[in-house]
Amino acid sequence: MSAEHLIGCHDCGCLYHREPLNSCERARCARCRHELYRWHAGGPLRRADSLVALTLGAVLVYLLAQSFPIVTLEMGGMTSGVTLLQAVGVLWNEGMQVIAALVLFCAIVFPGLELASLLYVAVGLRRGRRVAGFNMVLRVVQGARHWAMTEVLMIGILITVIKMTSMARVVPHPGLFAFGVLTILCALVMRYEPKALWELADRLAPRPRQEADAHAVAHAPDMLVACGACGLVNGYPWQRARNGAAHCRRCGAALHRRIPNSIGWTWLMLVAATLLYIPAMALPVMYTRTIGGGAEGDTIMSGVLLFWNTGSPGLAVIIFIASVVVPVSKLVALAWLNATAQLRSRAAPLARTRAYRVVEFVGRWSMLDIFVVTLTVALVRFDALATITAGPGAIAFGCVVIVTMVASHQFDPRLIWDPIESNGERHV
Ligand SMILES: [Zn+2]
Ligand SMILES: [Zn+2]
């Protein structure tokens, strides 16, 4: 049996033989229903072609989106308009460096890094080559994609625009449309998972079969482990692993049977996030200064109530869900998952795995309020009439989002399935 034809389930650790699929089929894990791999139209060359075309288009639209203003506001004969980078600059100069850095990385740096790295890899694959640093660049794509939030930013832009129409004339600019197109292109690019690109590279630019490969296949290993980065099933060398030096033989990522100290780190992150959530809700996220009105602080909840009372119940509900429902339910759900995993509970593993997937999916949407605050602060700068500045609550809230995202990333979903017998499949 060759380890090359095995695949490990990311969510439960079960191990399967790869079987050829018919058109439009997807292979799913029999235990947890996680998608293992899917059928692709066209050959590997055609896939590389469409990846090059798609990422090239996305990179161009990204450059347009970042270099044009998104909207301008007109109020009392004054206008103000900013690009996303200028909005980040405004927050930075106001002493809100934490929020500025958060927006800079999640909305500018990581999306750009993901697209540029993907284009670099794709162009190489199209020519049947592994570009220099191939493994590292694909791992960068994987990491950057986790933190890139173009779709959340787009909804944040729309909410800000709707909010602004009540106080000023809003004129859309090319940046607004470019971000709309970029969101769609990024969703299409997301269908190319780095794991599938490692497989594609094996077909378009086969690696020289290394000694280590032959060794791993020839010597029946005591345990097989799927690489967390590229998905390849490796023989797990216990002896070397104890000395802290087991690495995937395809991509070089460190191999772990389970994420080290997953439960302890998850608890630590959950406690930190819960403590940070208190100032995030209690302190103002924005201060509004109007002519003759002095400064007025708004917490997340008073902002929600303001939307509700001023005839925008839809926006009130969206902000309430993103800023209260999502973070609180995420903390509760992760605490439940971590506690049941620690107690080696055997109850409802499928339901718990599904809860984990929801937590992983919705976590990023909490950034919505941070994007709305950033754009509002950057746009409403009419010195004589009205100015909005960010408050300390926004910093605490930004930290809650980051810490809860790290917590869910740190939790190892395979722990849910560890106490449960499998039906003859081998565990990895
Ligand atoms: Zn599974
Ligand atoms: Zn690997």
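Scope of the values below: all heavy atoms of this structure, side chains included, with no hydrogens, waters or symmetry mates. For clarity, every value in this text was computed on a predicted model and none was experimentally measured. Every number for a ligand or one of its atoms is a count from 1 in the order of the listing.
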With the threshold set at 4.0 Å, does a side-chain nitrogen-carboxylate oxygen contact exist between [X] and [Y]?
| X | Y | answer |
| --- | --- | --- |
| Arg47 | Glu199 | no |
| Arg145 | Glu193 | no |
| Glu360 | Lys330 | no |

Do any of the N/O/S atoms of [X], backbone or side chain, fall under 2.8 Å from the Zn ion (ligand 1)?
| X | answer |
| --- | --- |
| Cys14 | no |
| His34 | no |
| Cys9 | yes |

Polar side chain donor-acceptor pair, Asp11 to Trp417, under 3.5 angstrom: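 Side-chain D/A pair, Asp11 to Trp417: absent.
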
Under 2.8 Å from the Zn ion (ligand 2), which protein N/O/S atoms are there?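 Per the 2.8 Å query on the Zn ion (ligand 2), atoms found are Cys227 SG, Cys230 SG, Cys248 SG, Cys251 SG.
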
Please give me the minimum heavy-atom distance between Tyr16 and Cys29, naming the atom from each residue.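 What the structure gives for the nearest pair is OH-SG, 3.2 Å.
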
Expected output: side-chain Gln142 to main-chain Ala229 donor-acceptor under 3.5 Å: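 Side chain of Gln142 to backbone of Ala229: a pair is present.
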
Which class fits the ring pair Phe110 and Phe105: parallel under 30°, tilted 30 to 60°, perpendicular over 60°?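 The arrangement is tilted - the two ring planes meet at 30° to 60°.
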
